J.: 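If you scroll down you'll find the structure; I have some questions about it.
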Amino acid sequence: MDAVYLDYAATSFPKPPAVAARMAEYVDRVGVNVNRSVYGPAQQAGMVVLRLRQRLCELFRLNDPTHAVLTPGNTWGLNMLLWGALKPGDHCLVSSMEHNAVMRPLQQLAQGGVEFDRVPCDREGRLDPAVLERMLRPNTRLVLIAHGSNVCGTVQDAEAIGRICAAHGVPFCLDAAQTAGHLPLDFAALGLSALSVPGHKGLMGPQGIGALLLRRDFAERLVPWANGGTGSASDTEFPPPYMPDRFEPGTPNLPGIYGWEAALEYLQSVTVERVRAHDQELTARFLGGVRGLPGVALLGPDSLEGRVGVFSLDFPGQDNAQVAFRLEEEFGILTRCGLHCAPAAHRTLGTFPRGTVRFSLGWFTTVEEVDRAVEAIGAVAKG
Ligand code: PMP
């Protein structure tokens, strides 16, 4: 029995074939560092780094590759934002659907005097921008929102939130873990000050790399969260003033950079629009399949609009962990059960602490796989 991988919200698999080939090429045949030595191979590797920044700019419509900062992953990017933008006495607004990659640093910051509030979302995980506007305070220095929920796929109205933040002069930042590569995203049109993305989910790259895209004025005010050698401005013991070096200390993840660059080349050739259309087709099929099934409750939006292909199901009367186990054991369906690193989101949806079984789709998911999952859900729901 072939396994059906439905855990794209955790990480995408498989990767486009060129990803592994390019990573192996770097390790086996390139091997050099960048930004330090000036010999030929180092310059060529530097060009791959630049190409990756350019691809990120093309994908997210940012006009300045120096402000596409490469990070060790989305969690790092989010920490860079929170620790770099907030000081004691500052206020931050998040939603009630955030991942612990935001909530854990924020709780730690709160112990040091940073204040924060959660904008309450409804039972579908949706935030009302008008409520967010009312919760802004004179000392609000950051609005940071998960664009798409990793629990139930709800996508927030980032454009409306961006307009409100712009009107109040508050930096608006997006955690696009579940939407980057799944939805077209336009940095300027959304009024963003920062966009944090992981490489390994919808952007189809390897683990251990991500990016933090920054607006120029916001980057100037952001304090580097980590510091170290950059191969530049080596005469000073302070971080260099220029971008992206200021936010990229240490030797970068070059195998990751080579792999991610290849992944983005593939994604750009497919186009995010086609990925989105595929996601919508599969979402319609999944929702149609589970709608009305006895013994199954869908959390989050039961419609195509304002969502991505991440679904949480609750099996009332059954242990959800046992359900996920049976889905794999009996049907080869790979899901994730529990709280998905987002206890706040489950509190909002009313599924804390029992959690849900999450099914999540990606570009390489097929119609047949969705049908197999729906059939298995129907069988397991009978108890
Ligand atoms: N935010 C959200 C909404 C996520 O889904 C995830 C990953 N599950 C993260 C942040 C953290 O991303 P990573 O684990 O790739 O650093």
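The residues of the chain are indexed from 1 along the displayed sequence. This structure is a prediction, so every number in the text was calculated from the model and none was measured. Just so you know, ligand 1 is whichever comes first in the structure, and atom 1 is the first atom listed for that ligand.
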J.: Please state which protein non-hydrogen atom is closest to atom 10 (C) of ligand 1 and give its distance, to 0.1 Å?
T.: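 Protein heavy atom with the smallest distance to atom 10 (C) of ligand 1: Asn74 ND2, 3.2 Å.
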
J.: Among all protein heavy atoms in this structure, tell me which lies nearest to atom 5 (O) of ligand 1, with the distance rounded to 0.1 Å.
T.: Gln178 NE2, 2.7 Å

J.: Within ligand 1, which atoms have a heavy atom of Thr75 less than 4.0 Å away?
T.: 11 (C), 12 (O), 13 (P), 14 (O), 16 (O)

J.: What residue and atom, counting heavy atoms only, is the protein's closest point to atom 15 (O) of ligand 1, and at what distance?
T.: His200 NE2, 2.7 Å

J.: Does CZ belonging to Phe325 count more than 12 external heavy atoms closer than 6.0 Å?
T.: no

J.: Please state whether His147 comes within less than 4.0 angstrom of ligand 1, counting heavy atoms only.
T.: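 Not so, His147 does not reach ligand 1.
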
J.: Hey, is the main chain of Gln268 close enough, under 3.5 Å, to the side chain of Thr271 for a donor-acceptor pair?
T.: no

J.: Within a strict 4.5 Å, meaning less than it, do heavy atoms of the Thr356 and His340 side chains meet?
T.: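 The answer is yes, as the side chains (C-beta and beyond) meet within the 4.5 Å cut-off.
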
J.: Can you check whether Trp363's main-chain N or O pairs, donor with acceptor, with Asp279's side chain at less than 3.5 Å?
T.: no

J.: Using a 4.0 Å cut-off to any heavy atom of Asn150, which atoms of ligand 1 qualify?
T.: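 Close to Asn150: 5 (O).
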
J.: Tell me the protein heavy atom at minimum distance from atom 7 (C) of ligand 1, and give that distance in Å.
T.: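 Heavy-atom neighbour on the protein nearest atom 7 (C) of ligand 1: Lys201 NZ, 2.4 Å.
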
J.: Can you name the atoms of ligand 1, numbered from 1 with element, that are less than 4.0 Å from a heavy atom of Pro198?
T.: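 Once the distances to Pro198 are compared, the set is 15 (O).
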
J.: For atom 1 (N) of ligand 1, grab the closest protein heavy atom and report residue, atom and distance to one decimal in Å.
T.: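 Checked against all protein heavy atoms, atom 1 (N) of ligand 1 sits closest to Asp175 OD2, 2.6 Å.
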
J.: Tell me, do Cys152 and Met97 make a side-chain contact under 4.5 Å, heavy atoms counted?
T.: yes

J.: What's the verdict on side chain to side chain contact (heavy atoms under 4.5 Å, CB included) for Asn150 and Arg358, showing C-alpha distance, side-chain angles and the deciding distance?
T.: CA-CA 9 Å; Asn150 67 307; Arg358 183 182 73 182; 3.8 Å; yes

